[in-house]
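Predicted model, so just to flag it, every value in this text is computed and none were measured. Any value given below was found using the heavy atoms of this structure, including those in side chains, with hydrogens, waters and symmetry copies removed. If you read the sequence from its start, that first residue is 1, and numbering goes on from there.
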Amino acid sequence: MTVTLENNKLRVVFSEHGAEMVSLYGKEKQFEYLWQADPQYWGRHAPVLFPIVGRLQADHYRFAGQSYEMHQHGFARDQDFTVVKQTKTAVVFELKASNSTKEKYPFAFVLKLSYTLHAESVAVTYTVENPANQKSYFSIGGHPAFNLPMGDPQLDFADYHVELTPHKERQQISLVGNYTDVAHAVKTTTNDIALSHKLFAHDALIFNLQAEPTTLTLTDAAAHTGVTLRLENAEYCGIWSPYPAQAPFVCLEPWWGLADDVTARGELSTKNAIHALPAQTSFTGKYEISVF
C-alpha cells in the first residue's frame, strides 16, 4: 500500500513497507528527484535506518549478557508500518516492537515516521519512544537517494557538487572496511564537494555535525536543478554512492548514530554514538527536503 501527498508543486509517494518515501516528483521541472530503486545498482529509495546505522562488528552485539544478530542498518526498513494519521498534507507511520523484532533487538519501542508536505519541501520527523521502565539504546538515520543528472541529460554525475553550510571546520570520519575509525578523524574546511565516482572508493564520506543545524545542497554549477536537505539536529551526515558501479545517484544521509568503530567490542550500551533513551521518554530527529 502507498500514500500520496500532493500540492501544485510536488507529488510525494510513500510505501507502508518501511515507511519509505518512494517518489519525490517536482511538477515545475517535471522531474523525479528520488532514485527509483533500480536493483542493478541499489534497490531502495530512501530507507530509514533503525535501530542501528551502518554495520556491527560481525553483525552481532551483546546486551545484558545475551548476543543478538542484526545486519547493516537494522530491520525497520524491511518492516510493514501502520498509518496512524493522514491528512491532505501529512502522514504518520508507526512501528511497534513485536516478538520478531525482540529476537534481534530486546527493547520495547514505538517508532514514528512523520512526513509533512509544504509548498516545495517535505519535512521528515523521526520519533523514537521508549514505553518501558528501563533504558533502551538505539541509533537512527535517513538514507534518501537522488537521481543524477537532474533534469538536464547533457550533464553528468561529475557536473554536480554538494555544499555544506554554514561553511566551517568539521571532523571527517573515515571508514575502514565497514567500520568507522573515529580516533583518526581529520579536521577539514572543505565545504563544497565536487562529485566523482572515485570519491566513494572508500565508501561514504562522513562528517561530524555536532547536532548543529546544517544544510546540504546538491546541484550543478549553474544551480539549474537541485535538492536541499536542512538538517535540524542530525549529529552526523553521510554522502554516498556505490563504487565502482558508477551509479546515477547520490545519497545525502542525516544520521543520529554511526557504524561500529574499528575498536568496538560488541557491547551495545558502550557502542560509539549510541543513544541511551531513558524509560518513558522519547527522542526526535528532524530534517527537511526541498527541491528546486
Side-chain angles (χ1 to χ4, degrees), residues 1-3 13-22 37 39 42-86 91-115 124-145 178-179 251 253-260 264-285:
M1 297 285 290
T2 61
V3 174
V13 182
F14 308 91
S15 172
E16 291 183 23
H17 187 69
E20 184 178 10
M21 185 187 301
V22 297
W42 187 60
R44 299 182 187 267
H45 306 263
V48 60
L49 318 179
F50 177 87
I52 59 169
V53 171
R55 179 153 277 157
L56 300 166
Q57 292 270 13
D59 293 326
H60 281 77
Y61 69 91
R62 293 186 303 277
F63 181 76
Q66 298 293 317
S67 179
Y68 298 89
E69 180 178 5
M70 186 154 46
H71 294 278
Q72 186 176 30
H73 296 323
F75 53 75
R77 59 184 181 169
D78 295 317
Q79 300 290 312
D80 290 327
F81 284 64
T82 301
V83 175
V84 295
K85 181 179 179 181
Q86 184 177 353
V91 61
V92 181
F93 297 92
E94 183 180 86
L95 178 68
K96 293 183 178 181
S98 64
N99 290 338
S100 63
T101 67
K102 287 185 177 180
E103 291 177 359
K104 303 175 183 178
Y105 181 67
F107 303 102
F109 68 87
V110 180
L111 172 61
K112 294 180 180 178
L113 272 61
S114 304
Y115 299 97
V124 184
T125 301
Y126 299 147
T127 304
V128 182
E129 300 175 359
N130 178 6
N133 294 319
Q134 63 178 1
K135 187 185 299 182
S136 64
Y137 297 89
F138 76 95
S139 298
I140 194 166
H143 203 312
N178 293 308
Y179 310 115
C251 295
E253 308 178 36
W255 295 343
W256 293 262
L258 290 171
D260 262 1
R265 294 294 179 264
E267 288 292 340
L268 186 66
S269 62
T270 58
K271 175 178 166 60
N272 190 43
I274 197 73
H275 277 260
L277 189 61
Q280 305 293 324
T281 62
S282 64
F283 160 92
T284 300

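- Counting heavy atoms from C-beta on, the side chains of Leu49 and Trp255 come closer than 4.5 Å.
- Interatomic distance, OH of Tyr137 versus NE2 of His275, reported as 13.0 Å (0.5 Å rounding).
- Distance NZ/Lys85 to OG/Ser114: 8.0 Å, rounded to 0.5 Å.
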Problem set entry | Candidate pair Arg265 and Thr270, rule side chain to side chain contact (heavy atoms under 4.5 Å, CB included), full reasoning | CA-CA 9 Å; Arg265 294 294 179 264; Thr270 58; over 6 Å; no

For this session: Report the C-alpha distance between Trp256 and Phe283 in whole Å, list the side-chain angles of each, state the deciding distance to 0.1 Å, and finish with yes or no for side chain to side chain contact (heavy atoms under 4.5 Å, CB included).
Result: CA-CA 10 Å; Trp256 293 262; Phe283 160 92; 3.4 Å; yes

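- A donor-acceptor contact shorter than 3.5 Å links the side chain of Gln280 to the backbone of Pro131.
- In this structure, NE2 in His17 is found 15.0 Å from CE in Met1, a value given to the nearest 0.5 Å.
- Ring geometry for Phe75 against Phe109 counts as tilted: the plane angle lies between 30° and 60°, on a 0 to 90° scale.
- Residues His60 and Ser67 share a closest heavy-atom pair of CD2-OG, 3.7 Å.
- Annotation for Arg55 and Asp59: closest pair NE-OD1, 3.3 Å, computed over non-hydrogen atoms.
- Closest of all the heavy-atom pairs between Pro144 and Pro254 is CD-CD, 4.3 Å.
- When side chains are defined from C-beta on, His45 counts as touching Val22, because their heavy atoms get closer than 4.5 Å.
- The minimum heavy-atom distance between Lys102 and Ala97, with the atom names listed, is CE-CB, 4.1 Å.
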Problem set entry | Leu111/Ile140 under side chain to side chain contact (heavy atoms under 4.5 Å, CB included): CA gap, chis, key distance, verdict | CA-CA 10 Å; Leu111 172 61; Ile140 194 166; 3.7 Å; yes

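- Distance CG/Leu258 to NZ/Lys271: 7.5 Å, rounded to 0.5 Å.
- Ion pair Arg44/Asp78 flagged as a salt bridge, since at least one NZ, NE, NH1 or NH2 atom sits closer than 4.0 Å to an Asp/Glu carboxylate oxygen.
- Between Ser15 and Phe93 the shortest heavy-atom distance is O-CE2, 4.1 Å.
- The backbone N or O of Ala19 sits less than 3.5 Å from a side-chain atom of Tyr115, completing a donor-acceptor pair.
- Using a 4.5 Å cut-off on side-chain heavy atoms (C-beta onward), His143 and His73 make contact.
- The distance from atom CZ of Phe81 to atom NZ of Lys96, rounded to the nearest 0.5 Å, is 13.0 Å.
- Here Tyr126 and Phe50 keep their ring centres 6.0 angstrom or further from each other.
- Side-chain atoms of Val92 and Glu94, non-hydrogen and from C-beta on, never get closer than 4.5 Å to each other.
- Here the CD atom belonging to Glu20 is positioned 9.5 Å from the CZ atom belonging to Arg77, to the nearest 0.5 angstrom.
- A donor-acceptor pair is defined here as one N or O able to donate and one able to accept, closer than 3.5 Å; such a pair exists between the side chain of Asn130 and the backbone of Pro278.
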For this session: Show your reasoning for whether side chain to side chain contact (heavy atoms under 4.5 Å, CB included) applies to Tyr68 and Lys104.
Result: CA-CA 6 Å; Tyr68 298 89; Lys104 303 175 183 178; 5.8 Å; no

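- Heavy atoms only, all atoms of each residue included: Gly54 and Ala259 are closest at CA-CB, 3.8 Å.
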